[in-house]
Structure formats: C-alpha cells, structure tokens
Amino acid sequence: MRSEGITNNNRTSLVLKLLIIIFISFISFNGVRLIHPETGFGDTIHNVSTMFFSIILEALPFILLGSFISSVIQLFVSEEKIAEVLPKNKLLGVIAAASLGLVFPVCECAIVPITRSLIKKGIPLNMAVTFMLAVPIINPITLMSTYYAFYTMPVMVLIRAGGGLLAAVTVGLTIGWLEEGETPLKQKRRRIRRPLHRCGCGCEECRNEIAETGILNKVLKAASHTAHEFCEVLVYLIFGALISSMFQVFVSRSYFIPEGYDKSLSILIMICFAYLLSLCSEADAFIARTFLGQFSTGSIAAFLIFGPMLDIKNTLMLGNTFIKKVLAELVVIIIIVCFIAGSVINRFYIQ
Amino acid sequence: MKIINRNGLIMSCILTAYAVYILYLLLSGNLKYFIHPRMFKYLWISELVIIFLVIIQMLNLKRAGSRERIEKKYVLLAVPIVMGIMVHPGKLTLAAAENKGTASAGNYSSRKIDSKDIDFIEDNTVIFNDDEYCSILNDLAVKPLKYKGMGIEITGFVYRNKYLPGDEFLLSRFLMICCAADTQIVGIPVKLKASEKFRDGDWYKLDGTIGYEKYKAYNGVFPVIDIKNAEKIQPDNQDYIYP
C-alpha cells in the first residue's frame, strides 16, 4: 500500500523548490536592471548576448535541415545503397565523396552527425572524413558567399574550392591510412530494453520497424529522430556561440598588425582566428575579408579552408563522435595541411 | 500513473520556448537586429518545423516512457531562453563598435554607379539612403573629382575612433553583413563644429559639404564632411544597413 499524503521530507523539499523558484524570478526581474545597457558591464553582457543570439539564429535553419537529412539517412538509407554509389577504389571514392559537397548544401554545424551515421553505415573512414571536411567548403551557398565577400577578387572562390577539395582529400586519405582497420567512433552507452531510442544509436531496430509500417509512421519516426538530433547539436552550437561572441567582444583586432605580413606567422595566426571566429561556413568569408588589408593572401586562404573544418562548435561535436586518438590525429593533420596550402598560395602572391 | 517520457517532456518544453521566442522576434521585427533580412524566410520555415516537432514530441509523450536518465546537457538548451528574458538583447550598443572594426564600403556595394546614375543627387547634394548606403559611399571614395564641393545629407551616430584626427569623428551606421556577430561600422568622417557638442552615440542628421583628406587608415584620400547644419535626432528605429 502506498503511503498517503505528504510526508515531512516531501514538504521540506517542496518548500525549498518554491523558494528557489521565487529567488530565480526575483533575480530575473531585477536582473534586467543590473544588466541594462546604461552600465558599462551591462553593455558587455548586452552585446555578447546579442551576438550570441545572432549566431544561433543564423545557424538554426541549417542545423534543422542537417538534423533532418541525418535522420533520413539513418532511417531510410541502407548500407548497401551507399556502398554501391561510392566507387570502391580509394582515390576515386575519396574524390567522389569530396564532390558530393556540391550537391549537399549542409552547414558545418550539421555535417558531423551526418558523417557519424555514414560511418556507421559502413563508409570507409577516408571517404567519410573527406566528405565531412569538403561539404562545408564546396557547398554552393558557401561558394556564393565567398564570391560576394571577395567581389573584387573572384579568384578567391577558386582558391577556396580547389584548395578545400585538395585539403579534404589529403586529410581523408591520411587519416584513413593511419586508422586502417580500427574503429574510429565513440561508442555510446547503450541501454537495454528501451522502447524509446536515442538518436545516434544504431537504429537497426528503427529501420526494421519502419520497413513494415506506413507513410505516417515513417514521418513520425523521422520527426522524432530529427528532434533528438537537433537538440543534441544545438547544445554544442550554444557552447561554441557563447565562446565565439565573447571573443568578438573582448579581443581587439589591432593587436595583430605587425605579424600580418610575415609569410609563415600570418598563416598560423589566421588559422587560430579561423578556429575562434569562424561561425558558419557561409559567414566566415566576410570575416576573412576584413583581414585582407592586414594579412597575406595565403593566410586568408588558410582561414577560409581551415574555418569550415575546425572551430569551437565543431570540436565539441567531433569530440563526441570520434575517439580521442582519432580526434587528435585529425586536428594535427588538418592544421598541417592548411598550413601547407596557405604557404603554397603565398608563393604565388608576392604580398 | 503513467510514466511520462521525461526527456521528451524537457525537449517539448524547451522547443516550445524556442518557438515562442522566435515567433516573438519574427512578429516584432526585432529579428533584423540579429540576422540579415534575407535570412528571415529561413527562420519562418524553421519556426514551422519546430512547431511541427513539438507536436510530434507531445504525441510521443503519451507513450509509456522508459525510466531513462534525464539528459543533463539539455539544460544547456535553456540558456538562450533565460538570457533572452533577463537581458533582452537587441540593438548593439556603441561599445561593440570598438572591436568590430570599420568596414570598407567598397566591399558591400550592391551596384556600380556610373555617371548616368544621379538619382541620389538632388540639387548638387548627395542624399544618402539606407538601401544604397555602401554603393554611394564607395562612389564618393573613388571619385573625388566628381564629388568635391558637393553638398551632402546623411544620418548616423557619432563615433570617435582612434584612426581619425582629434578634431574629427565618424558619422556611422552599423553594417550587418550576415548576423550581429559580424556586424561592422561603416561611416564617413566629419569635421567637428565648435558650436555643437557631439557626444559619442548620439544620432544626427547632417547637412554639409564634401571635402577630401588624406587618411592613413584609408590608404589614401577619403571624403570628409564640413558641417553646415547638424540636427540631433531621436531615431526610434536605429536602423542597420543591410548590404
């Protein structure tokens, strides 16, 4: 028999919870006054929040789209189909994977979960990584934004597309070779006998379930998956956006002027900038543009290639997808490849 | 009592809060202080999708939920909502201008102006409008011979920056390229008029004459305004420029 009524313990915890809620409400209403733009501190909080929101709002549609595509891949595309489409030959397969970027207008925010599901489907690591790195750079929206950002210098679009393609292929082949025969993915803790699954699991059960059910059920399943995936990715976006906007407010650009013209140092600096400032691959072209007068062309190119591959948001998601060893290797290889790309381009431009 | 799927419940609440907040931004028009208007349609679509997802999640709640642990990281999703309520973000303040840098109008000109385009010139006076701000400013910058001595009518806020000589300020606007995080300052230098106290951040409508000066920061010659008449205004719509 369950005991009736509220016990003493329950009552105390209830009161406590009520007090906490009242306290938070109080802070919320008065917090507005503390944080009003008139005060200097309030200014900072206000601006950081505005920029934080803007990054999230800008990326939101793309994350939704990415989560949806990812869910669809997980639920409806079988391993065999994908294995059929991509050429078996390592080199051709990798190039094909990179070229997929032209038809996959997916933002870098969403490409990581999609890649994870592709690897789970059996795509070899080299092709999956090439795909993951190339798509944010080669997608038509990014290239268009690069074209507008570098209106007076349209060759930048070619540099970004070509350099990005080559870099992605190189990184993919390298890491595929390093990790031959190993499992690169983090295993999620599995729970037994879950009637409601979490996204990112194998979803074998879902696919089997779906195969027999009607359209309505398929749609519901896909929607449910999308919601889960979306929430997962959103967490990382929030984290990254917070750091990115704080950086924007607290760090002034004039600190870096003399190093801008040094051939090698400028590339390293721009790679760091790309890590910290590159928001969505569609927007970072405009940020890169603002550095054009102060930094070597090769370093700007490195920014444009490195940014979509690695940044704060990305790192968190990658860390959640790949095991530490693979993540470390990825980071190092990407940095080296982008540095080389930047140096090569600097040779052509006597800046 | 049925065991409710707790994670699903949290997600539904959070997604609903997002849907409400985004709807507020869309309907109030405040969204333009966060992202470029060309992105608005995508956010409308996203809004519909989120509402759809919320409904689906609600349907899933009815199903007997499992006793799975509450995902603590979903709490992070509430951060933007809490921030939105407490801080009320919106227009950037002048303090943000310092780190954002000044944009070169030439990068954002929407059209190339040739000698036949004179619709923004009236009575030998260049009249700036928000839609073509960058194109006009860029033309002013590259054709000093054409514009020297002409009148000018322009609106903006006062911003003193260290790249201009002490007796000048930049009459500026916020230029939103993609979103608030990459917004920059764009503007035109103005010679201080002794009789008027120009405070940083105040909005003015200026009538003046276009002159040219050599600026190190602009790598050459750039227009500068000699004020004839300054009118302090209180714009209720502190509009950004959207190239």
Side-chain angles (χ1 to χ4, degrees), chain A residues 27-28 31-32 35 37 40 43-47 49-58 60-62 64 68 145 149-152 191 193-196 198 220 223-224 226-228 230-232 234-235 238-239 241-242 244-245 248-253 279-280 282-283 286-287 289-290 293, chain B residues 5 7-8 11 14-15 22 25 31 33-35 39 42-43 45-46 49-50 52-54 56-57 59-60 63-66 68 73-74 76-77 79-80 82-96 98-101 103-104 106-107 109 177-184 219:
Chain A
I27 295 283
S28 306
V32 174
I35 294 171
D43 248 0
T44 310
I45 301 235
H46 183 88
N47 289 329
S49 307
T50 302
M51 288 192 262
F52 168 68
F53 262 81
S54 72
I55 299 175
I56 295 184
L57 287 167
E58 177 125 43
L60 207 84
F62 299 104
L64 267 179
F68 175 66
S145 77
F150 291 88
Y151 202 70
T152 53
R191 296 219 174 81
R193 274 187 288 136
R194 280 180 291 133
L196 279 177
R198 255 187 302 153
L220 289 181
S224 166
T226 306
H228 277 272
F230 174 64
C231 287
E232 284 269 338
L234 195 55
V235 168
I238 288 175
F239 212 77
L242 207 53
S244 205
S245 32
Q248 295 263 359
V249 169
F250 290 115
V251 181
S252 174
R253 279 183 207 180
L279 311 166
C280 218
E282 279 102 20
F286 297 99
I287 297 194
R289 180 48 159 126
T290 66
Chain B
N5 175 19
N7 275 335
M11 272 205 306
I14 290 182
L15 284 180
I22 293 176
L25 286 176
L31 193 59
Y33 294 118
F34 294 100
I35 59 176
M39 303 290 286
Y42 298 122
L43 239 63
I45 299 175
S46 305
V49 172
I50 293 181
F52 176 65
L53 290 180
V54 168
I56 302 282
Q57 282 297 113
L59 292 175
N60 268 338
R63 264 204 251 171
S66 59
E68 58 183 47
K73 61 172 130 174
Y74 285 175
L76 206 62
L77 293 177
V79 167
V82 171
M83 246 189 192
I85 298 175
M86 282 180 73
V87 178
H88 250 300
K91 309 168 195 166
L92 285 171
T93 70
L94 196 63
E98 183 62 45
N99 285 336
K100 288 207 155 289
S104 175
N107 301 344
S109 313
I177 302 152
C178 232
C179 64
D182 60 42
T183 299
Q184 293 182 295
N219 276 337

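Nothing here was measured: the structure is a model prediction, and the numbers come from that model. Just so we're on the same page: letters track the sequence lines, and every chain starts at 1.
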Legend entry - Inter-residue atom distance A:H46.NE2 - B:L92.CG, 0.5 Å rounding: 7.0 Å

Legend entry - Heavy-atom side-chain proximity of B:Y33 to A:T50 below 4.5 angstrom: no

Legend entry - Side-chain touch A:L60/B:I50, heavy atoms, less than 4.5 angstrom: yes

Legend entry - Straight-line distance of A:F230 CZ to B:L77 CG, nearest 0.5 Å: 8.5 Å

Inset, instruction - Could you grab the distance from atom CD1 of B:I22 to atom CD1 of A:I56, nearest 0.5 Å is fine? - result: 10.0 Å

Inset, instruction - Indicate yes or no for a side-chain donor-acceptor contact from A:H228 to the backbone of B:M11 under 3.5 Å, with no hydrogens or angles considered. - result: no

Inset, instruction - Work out which heavy atom in A:P61 is nearest to a heavy atom in B:L43; give both atom names and the distance. - result: CG-CD1, 3.5 Å

Inset, instruction - Check whether any side-chain heavy atom of A:M51 lies under 4.5 Å from a side-chain heavy atom of B:F34, and answer yes or no. - result: no

Inset, instruction - With rounding to the nearest 0.5 Å, note down the distance linking SG in A:C231 to CG in B:L15. - result: 4.5 Å

Legend entry - Which atoms of B:I56 approach chain A - backbone, side chain, both or neither, heavy atom under 4.5 Å: side chain

Inset, instruction - Against chain A, label B:I14 side chain, backbone, both or neither, depending on which of its atoms sit under 4.5 Å from a heavy atom there. - result: neither

Inset, instruction - Let me know if B:F52 has heavy atoms under 4.5 Å from chain A in its side chain, its backbone, both or neither. - result: side chain

